[in-house]
Number of protein chains: 2
Amino acid sequence: MSSAYRPQDLETIVETYEDGFSGRKTAEIVGISYRQLDYWARTDLVRPSLADAKGSGSRRRYSYRDLLELKVIKQLLDAGLKLESVRDVFAYLRESLGEDIATANLVINGKNSVVVASGDELIDVLNAGQGVFNVLALGGVKDDLDAAIVELRPTPAASPAAEPDLDAEAPPASAV
Amino acid sequence: MSSAYRPQDLETIVETYEDGFSGRKTAEIVGISYRQLDYWARTDLVRPSLADAKGSGSRRRYSYRDLLELKVIKQLLDAGLKLESVRDVFAYLRESLGEDIATANLVINGKNSVVVASGDELIDVLNAGQGVFNVLALGGVKDDLDAAIVELRPTPAASPAAEPDLDAEAPPASAV
DNA sequence: TAGGCGGATGACACCGGTGAAACTACCCCG
DNA sequence: CGGGGTAGTTTCACCGGTGTCATCCGCCTA
């Protein structure tokens, strides 16, 4: 899928982030503005789990999992969801996210209902229910995130290997 | 499904609306505020197709199809979509809406892509694509709308047959 | 210990969406 | 033909989310 990099690269790169990701870097990787990241932290949507801000001069530190959540949020926003409903989603979602990310689908129905199904279950859910469903394949989110981490890896002056440009943006619309 | 009324009732009732639905009535039936209806008309989201407003004191007249569109919009908003993306959707959707409403599904992907698939096609699309999909079964929308029209039919004083009270609010969430 | 720099914070503005209330025009009935 | 009620229009205001800029603070390095 996403650009050509040896999977091992990701591990290596992530190791260099053992203290977590800074606010600005996080925003850059996830593809959101620093203002958004800041606002979301203040309003308890996603707080940096490694180190929270405590007064001016302190530093937020985001974990890889934080980035994952942030990326999911960005996807939902890009899909046209209101930030408000994203909040509702994460109120429920947080615990169930994390294990089988590669295959799981996030299904949002109405304002409260949130489900993580996998594969065929999804179809049953869609057939059964009413109203609007928002479906997000989590595997793609992780892929995007990993690709972005690789693209935006540190030491920008010491890696002339591959051009770190392009395809860091939107996953092609494909089908549809 | 929704309360007990003979299907013929709907036709009869709709006939009494041959001049179309007034703004207030439309808002009531669709389940939105008059303010929203007004704002949407001003900002070209849904204009009353039978008679538009021209100066204070004039009257807007909405067609049944207008109500259908409005109901779809309401569903999307209830699902947590931003009004902005609803606008994008309707820029494309308008022509394809109308024929096979009962079975069609509205699929929204990203900001631009809009598709109306039916039945199994839907599943293919979901498997193929990336990102977030918003799926809306249009049949349910029509059912809800029809039920609301029956509930809120005119001549509230002249129809002692069935008590036209209660459950005039939200069409039961059922399923889900 | 003194700078300097990265980054959190605060203040301000702006825009979209909506509620509330005042204003106004049309229609119908007497 | 005039009054009243109904309904559309207009204005004011608020809130959430975000951009921008200025400020302030703490850590790190020299």
| query | Using a distance-only test with no angle check, is there a side-chain donor-acceptor pair under 3.5 angstrom linking B/Thr26 and B/Arg60? | reply |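 There is no such pair (donor and acceptor under 3.5 Å, judged by atom type) between the side chains of B/Thr26 and B/Arg60.
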With sequence neighbours excluded, residues passing side-chain hydrogen bond (donor to acceptor under 3.5 Å, both in side chains) with [X]:
{"X": "B/Asp88", "answer": "none"}
{"X": "A/Asn105", "answer": "none"}
{"X": "A/Glu121", "answer": "A/Ser118"}

Specify the separation, in whole Å, of atom [atom1] of [X] and atom [atom2] of [N].
{"X": "A/Asp38", "N": "C/dA11", "atom1": "CG", "atom2": "P", "value": "14 Å"}
{"X": "A/Lys74", "N": "D/dT18", "atom1": "NZ", "atom2": "P", "value": "11 Å"}
{"X": "B/Arg61", "N": "C/dC26", "atom1": "CZ", "atom2": "C1'", "value": "12 Å"}
{"X": "B/Asp88", "N": "C/dG16", "atom1": "CG", "atom2": "P", "value": "14 Å"}

| task | Could you identify which residues of residues 18-32 of chain A place a heavy atom less than 4.0 Å from some atom of DNA chain C, listed by residue number, or say none? | result |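 DNA chain C contact set from residues 18-32 of chain A: A/Ser22, A/Arg24.
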| Which residues in residues 77-85 of chain B have at least one heavy atom lying under 4.0 Å from any atom of DNA chain C? |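 Correct list: B/Leu83, B/Glu84.
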Please name all residues satisfying side-chain contact (heavy atoms from CB on, under 4.5 Å) with [X], sequence neighbours left out, ordered by chain then number.
{"X": "B/Ser63", "result": "B/Ser49, B/Leu50, B/Arg65, B/Asp66"}
{"X": "A/Gln36", "result": "A/Ile32, A/Ser33, A/Trp40, A/Leu77"}
{"X": "A/Val46", "result": "A/Tyr62, A/Glu69, A/Leu70, A/Ile73, A/Arg94"}
{"X": "B/Arg47", "result": "B/Asp44, B/Asp52"}

| field | A/Glu28 with A/Lys25: basic N within carboxylate O range, under 4.0 Å | value | yes
| task | Could you tell me whether the phosphate oxygens of D/dT18, OP1 or OP2, come under 4.0 Å of any side-chain nitrogen or oxygen in A/Tyr39? | result | no
| Under 4.0 Å between a side-chain N/O of B/Trp40 and OP1 or OP2 of C/dG17, yes or no? | no
| message | Holding to salt bridge (charged side-chain N to carboxylate O under 4.0 Å, His left out), I want the full list of residues that pass it with B/Arg24, two or more places apart in sequence or in another chain. | response |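 Salt bridge (charged side-chain N to carboxylate O under 4.0 Å, His left out) list for B/Arg24, sorted by chain: empty.
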| said: Once salt bridge (charged side-chain N to carboxylate O under 4.0 Å, His left out) is applied, do any residues pair with B/Lys82, and if so which ones, sequence neighbours excluded? | reply: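 Result, salt bridge (charged side-chain N to carboxylate O under 4.0 Å, His left out) vs B/Lys82: none returned.
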| Nucleotide-resolved protein contact map, nucleotides 19-30 of chain D, B/S/- at heavy-atom distance under 4.0 Å | BB---BBB----
| Contact class for A/Arg42 vs. all strands (heavy atom < 4.0 Å): base, sugar-phosphate, or nothing? | base
